[in-house]
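Notes follow the structure.
Everything quoted here is computed from the prediction, not taken from an experiment. Sequential numbering from 1 along the given sequence is applied to the chain's residues.
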Amino acid sequence: MDGEEFSMEDPSQLLQSASEFANYPGVPNDVAAKEFLDRFPLPVIINALQTKSEVPGLEATLVACLERIFKTKCGASLIPHYMPFVQVGLTADSQLVRCLACKTVSCLLKNIDETISAAQLIIDNGVYPLLLDCLINGNEQVATASMEAIEKLAGSQKGMEIVFPANNSDDMHLGNLSARCSSLGRVRVLSLIVKLFSVSRDVASAVYNSNLLSLLEAKIRDTDDTLVSLSVFELFYELAEVKHATEFLSKTTLVQLLSSTISNMSKEAILRSRAMMISGRLLSNDNIYMFIDESNLGVKAIISAIDGRLRLESQDLNECESALEALGQIGSSNQGATLLLTISPPAARHVIDAAFDKHARGKQLASLHSLANISGETRSDSNIILNGDAEESLRLLIYEAASKSSKLTPSGLFLSVLQQDSQVRLAAYRVLTGLVARPWCLMEICSKQEIINIVTGPNTETTKIGMEARYKCCVAIHRAFMSSSKLTGNPALAPIAAKLQEAVSRGPYLADKIYREAQPMVVTADRF
């Protein structure tokens with residue numbers, strides 16, 4: 001294609017029109033894109049971008065304009081015919097143009113006609129190696145755009161074959177690429193691996209089978225650099241959030257790495273805290289227990305490591321709160337809560353002891369929310385109650401905590417947290433919502449009229465989240481009460497039943513039973 005044919009001496013008209021198109025509000029559509037391209041064909045725009053970049057504002061404006069055009073079906077349909085320009089763009093000196101070229105590849109993969117193989121176009125034009133170069137050597141925006149394009153490429157079977165070559169010695173294999181690039185480039189490759197892992201289970205399987213997860217594990221083992229370790233831990237934290245992560249992460253040495261990091265006194269407290277939070281997220285899913293060994297040795301090692309940190313009185317406060325939160329996350333699953341309550345000594349004791357200690361507010365808040373998770377507030381109704389040993393352990397730990405306090409009874413402990421500030425009260429509602437499914441807890445609640453008054457009081461809370469938490473707690477108490485024939489058949493408790501029923505019927509937000517319409521008031525005017 002002859003560049004002279006599409007050159008223009010004065011690009012001012014193109015600049016003005018491109019600026020209007022780029023800044024037009026709303027999502028670009030095919031009609032607008034076609035009208036613009038009828039006035040300024042794509043070769044004209046590309047030629048101006050290549051030859052008039054010294055004109056102030058032209059490059060940035062044309063890049064923004066082309067980005068909007070390629071997001072439309074009309075614009076994307078043109079990309080296969082201009083792949084040489086995509087190639088040139090990916091190797092351009094301008095970071096803006098390189099970023100545009102990466103985004104253009106994403107648009108190609110997202111909007112291309114099904115009759116054309118985008119993956120084959122990428123192979124034929126040598127685009128994938130150029131995307132990897134943008135990932136490694138581009139600025140932050142270019143690297144992000146490249147990563148997104150590679151993610152989309154891996155979404156198809158043909159694309160997976162490009163991203164995960166069968167030959168492990170292939171230069172484009174991500175493991176080999178990581179080995180030969182700078183430390184920044186290596187972190188970007190690791191970030192790409194995490195992004196790819198989240199695309200689908202099939203892609204996650206390809207990541208695992210390509211031995212790419214081991215790159216992250218090795219990075220943790222082989223460095224004493226706190227910042228590098230933190231960066232990799234952040235990636236593991238993202239991995240642990242992926243739905244299908246447990247199946248593959250359970251096959252790695254991650255669980256052992258986490259427990260050893262938590263137990264390592266020579267590590268920075270922030271690293272131990274992050275390892276705890278990753279452990280909590282990873283073990284909060286009941287599915288993890290389907291894939292690890294039946295004896296749960298890895299999980300027990302993590303719980304034991306966290307328990308060991310909480311035993312230390314000189315522990316960093318932030319680390320302590322992280323440990324308590326991690327136990328709460330582990331306890332949000334039925335099997336996790338069971339382990340916390342049945343391992344000897346039960347790690348849940350730290351949570352219960354701190355939950356009712358108002359002298360350390362941060363620890364108390366973290367512990368109350370964790371106790372709510374362990375007691376089943378976040379689990380389905382059929383999954384709240386644990387096995388017999390775990391339930392007995394939970395009951396004994398709470399009664400023991402009460403006996404060591406000035407309140408003497410669990411009902412006294414519950415009332416004490418409900419009488420604190422709104423944030424503590426919110427956490428206390430969650431605790432009671434989970435615990436009240438146990439008959440002993442229901443009896444404790446009904447034994448304190450003050451507790452009933454707070455959870456049924458329409459004016460107790462002033463914020464939406466507080467009102468909803470109070471109401472959910474009230475509903476849970478009412479449901480447990482009505483399912484207990486022992487309590488419903490007791491005439492002495494009839495006023496409590498009526499109060500709960502009235503509060504449930506009122507809903508979370510109505511403060512008064514009767515709302516009066518505004519009435520005009522006639523008064524005698526003040527005279528001076």
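- Side-chain atoms of S370 come within 3.5 Å of backbone atoms of L324 as a donor-acceptor pair (strictly under, hydrogens ignored).
- Between S191 and L235, some side-chain heavy-atom pair lies under the 4.5 Å cut-off.
- The backbone N or O of N318 sits less than 3.5 Å from a side-chain atom of S322, completing a donor-acceptor pair.
- L37 has its side chain within reach of I45: a pair of non-hydrogen atoms, C-beta onward, lies under 4.5 Å apart.
- Residue N167 places its CG atom among more than 12 non-hydrogen atoms of other residues, nucleotides or ligands, all under 6.0 Å distant.
- With contacts defined as side-chain heavy-atom distances shorter than 4.5 Å, the pair F233/M277 does not qualify.
- Between the side chain of R309 and the backbone N or O of C320, no donor-acceptor pair lies under 3.5 Å.
- A salt bridge links E377 to R430: at least one charged side-chain nitrogen sits closer than 4.0 Å to a carboxylate oxygen.
- At least one side-chain heavy atom of Q50 sits under 4.5 Å from a side-chain heavy atom of V88.
- Between L42 and H81 the shortest side-chain heavy-atom distance does not fall below 4.5 Å.
- Side-chain contact between L340 and V351 is absent, with no heavy-atom pair separated by less than 4.5 Å.
- Ring orientation note: the planes of F248 and H244 are nearly perpendicular, at an angle over 60° on the 30°/60° scale.
- For the residue pair R274 / Y237, no side-chain donor-acceptor distance below 3.5 Å is found, with atom types taken as modelled.
- For E148 and K152, the salt-bridge test fails: no basic side-chain N is under 4.0 Å from an acidic carboxylate O.
- R39 and E35 are not joined by a salt bridge, as no carboxylate oxygen comes within less than 4.0 angstrom of a charged side-chain nitrogen.
- K110 NZ: 12 or fewer foreign heavy atoms inside a 6.0 Å radius.
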